[in-house]
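The structure appears right after this line, and notes come after that.
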Amino acid sequence: MPERNDGVGQALLRLRDVGKTFSNGVTALDRVNMTIRQGDFVSLLGPSGCGKSTALRLIAGLSIPTLGMLEWNRPLGDDHIGFVFQEPTLLPWASVFDNVWLPLRLRGISRKEAAAAVSELLERVHLTGFENAVPRELSGGMKMRVSIARGLVTRPRVLLMDEPFAALDEITRFKLNDDLLELWQEQRFTVIFVTHSVFESVFLSNRIVVMAARPGRVYEEVVVDASYPRDEAFRTSPEYAALCRKTSDVLMHAISATSGVSNGSR
Ligand code: ADP
Ligand code: MG
């Protein structure tokens, strides 16, 4: 699917000179420009504190920029963004089924009306048979699967993910990476994925926006020029290793560009 790589998809969202300064004076983002295209899998990669979560919250509309603007190619309804956080944030007393139903329930859709959509998504995230389990009965990876199903149940056009797999062990993370890519290729939503893992960002994305901190800003964009589907063969390929090396290099430069570190004055 070459269109995934060369970005022929229509622009979905443009950030134009976006800045965010909090009331305590911290500038979390400084003149950020970026274009997200329909069908992109874009990662925001950077050290802690470089404004990744702030950028995601602005895109989600949970916060507003203090400078610049976000331009969507057409008005985006509430249903069109799904959000998956690092913590699965499930309702502890509710079943897997009811946790996934929740966003639909909040839109007035009955349990019965939602049943087909919920069951289908649970199947897609490999949780068929666990509908009646409650979160404490699930592993960390399974909880994250529930959280992904909940994020997708409204069929959003854009899925925002903030370090969703950071707390999981490596094997579970690999499996979730594979399953997420499969879902993305099948359902063709756009993903904006926050991570501080070079390996994860290269495996998943068609583009990586590398960010630097203090103030948070875009340092450089890396195009991950490798075709999909990406699988175990890609994960062990020289091509993947080379792309990781290249991205890691850019990230190291971004980190040393952080004020107070590069000039040795810290
Ligand atoms: P990241 O997700 O890349 O680790 P964040 O977007 O969470 O970075 O934070 C960027 C910077 O903004 C950090 O210095 C952080 O302390 C600061 N920050 C984030 N949220 C707030 C807030 N609500 N009020 C004040 N400062 C904040
Ligand atoms: Mg963060």
Side-chain angles (χ1 to χ4, degrees), residues 13-36 40-70 81-90 140 143-144 147-148 150-151 158-168 173 176-177 180 190-205 207-222 224 244 247-263 265-266:
L13 168 66
R14 286 203 173 87
L15 274 67
R16 291 196 193 274
D17 286 327
V18 167
K20 178 76 184 180
T21 300
F22 290 105
S23 51
N24 62 358
V26 172
T27 295
L29 293 173
D30 183 36
R31 281 166 294 161
V32 168
N33 286 288
M34 120 186 26
T35 301
I36 308 292
D40 258 340
F41 197 123
V42 174
S43 286
L44 308 184
L45 172 70
S48 168
C50 71
K52 303 182 294 297
S53 296
T54 301
L56 221 55
R57 290 176 54 80
L58 290 173
I59 293 168
L62 296 170
S63 158
I64 52 168
T66 41
L67 285 172
M69 61 203 302
L70 285 86
I81 291 184
F83 210 130
V84 175
F85 301 92
Q86 180 177 346
E87 291 299 320
T89 60
L90 304 177
K143 283 184 209 163
M144 189 45 73
S147 176
I148 291 170
R150 185 186 51 192
V158 185
L159 186 65
L160 306 177
M161 306 184 85
D162 195 350
E163 306 206 34
F165 309 141
L168 302 176
R173 192 200 290 208
L176 278 156
N177 284 170
L180 175 61
T190 301
V191 183
I192 307 177
F193 189 95
V194 165
T195 180
H196 53 239
S197 162
V198 167
F199 303 105
E200 186 170 56
S201 66
V202 172
F203 185 74
L204 294 172
S205 330
R207 287 191 295 131
I208 302 171
V209 176
V210 180
M211 297 177 66
R214 281 177 270 146
R217 62 199 186 276
V218 174
Y219 182 75
E220 195 175 319
E221 202 171 296
V222 176
V224 184
C244 288
T247 307
S248 178
D249 234 48
V250 174
L251 179 62
M252 287 309 133
H253 281 107
I255 291 170
S256 57
T258 296
S259 352
V261 176
S262 58
N263 59 16
S265 66
R266 55 196 210 100

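When a ligand or atom number is given, it counts from 1 through the structure's own listing order. Along the sequence shown, residues are numbered consecutively beginning with 1.
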Next item on the list: Run the contact test for C50 against ligand 1 with a 4.0 Å cut-off on heavy atoms, strictly below, and give the result.
Entry: yes
Next item on the list: Could you list the atoms of ligand 1 found under 4.0 angstrom from a heavy atom of T54?
Entry: 5 (P), 6 (O), 9 (O)
Check: In the protein, which heavy atom is nearest to atom 1 (P) of ligand 1, and how far is it?
Finding: G49 N, 3.5 Å
Check: With sequence neighbours excluded, what pairs up with F83 under the ring pair (Phe, Tyr, Trp, His ring centres under 6.0 Å) test?
Finding: F85
Checklist line | All pairs passing salt bridge (charged side-chain N to carboxylate O under 4.0 Å, His left out) where residues 15-27 contributes a residue, at least two apart | finding: R16-E71
Next item on the list: Using a 4.0 Å heavy-atom threshold (strictly under), name the region of V26 that reaches ligand 1: side chain, backbone, both or neither.
Entry: side chain
Note to self: Please tell me whether T195 and E163 have a donor and an acceptor in their side chains that are separated by less than 3.5 angstrom.
What the structure shows: no
Name each donor-acceptor pair under 3.5 Å that joins a side chain in residues 46-58 to protein atoms two or more places apart or in another chain, with its distance.
{"from": "K52", "atom 1": "NZ", "to": "G46", "atom 2": "O", "distance (Å)": "3.0"}
{"from": "K52", "atom 1": "NZ", "to": "P47", "atom 2": "O", "distance (Å)": "3.1"}
{"from": "S53", "atom 1": "OG", "to": "D162", "atom 2": "OD1", "distance (Å)": "3.4"}
{"from": "S53", "atom 1": "OG", "to": "D162", "atom 2": "OD2", "distance (Å)": "2.7"}

Next item on the list: Would you please determine whether G51 falls within less than 4.0 Å of ligand 1 on a heavy-atom basis?
Entry: yes
Check: Among all protein non-hydrogen atoms, which one is nearest to atom 25 (C) of ligand 1, and what is the separation to 0.1 Å?
Finding: N24 ND2, 3.2 Å
Notebook entry, point to check: Where is the nearest protein heavy atom to atom 18 (N) of ligand 1: which residue, which atom, and how far?
Noted result: F22 CE1, 3.5 Å
Notebook entry, point to check: NZ/K143 to OG/S147 distance, rounded to the nearest 0.5 angstrom?
Noted result: 11.5 Å
Check: Counting only heavy atoms on the protein side, is anything nearer than 4.0 Å to atom 10 (C) of ligand 1?
Finding: yes
Next item on the list: Check the pair R207, V222 against side-chain contact (heavy atoms from CB on, under 4.5 Å), reporting the backbone distance first and the verdict last.
Entry: CA-CA 6 Å; R207 287 191 295 131; V222 176; over 6 Å; no
Next item on the list: Mark yes when over 12 heavy atoms from residues, nucleotides or ligands other than Y219 sit less than 6.0 Å from its OH; otherwise mark no.
Entry: yes
Notebook entry, point to check: Say you draw a straight line from OG1 of T247 to CZ of F199; how long is it, rounded to the nearest 0.5 Å?
Noted result: 10.0 Å
Next item on the list: Tally every protein N/O/S atom whose distance to the Mg ion (ligand 2) is less than 2.8 Å; waters are neither shown nor counted.
Entry: 1
Notebook entry, point to check: With a 4.0 Å cut-off, strictly under, does atom 16 (O) of ligand 1 pick up any protein heavy atom?
Noted result: no
Next item on the list: Decide whether S43 and S205 meet the rule of one side-chain donor and one side-chain acceptor closer than 3.5 Å.
Entry: yes
Check: Given T27 and R217, is the side-chain hydrogen bond (donor to acceptor under 3.5 Å, both in side chains) satisfied, shown in steps?
Finding: CA-CA 10 Å; T27 295; R217 62 199 186 276; over 6 Å; no
Next item on the list: Determine, considering heavy atoms only, which of P47, S53, A28 sits nearest to atom 12 (O) of ligand 1.
Entry: A28
Item checked: From CD1 (I192) to CG (D40), nearest 0.5 Å -> 8.5 Å
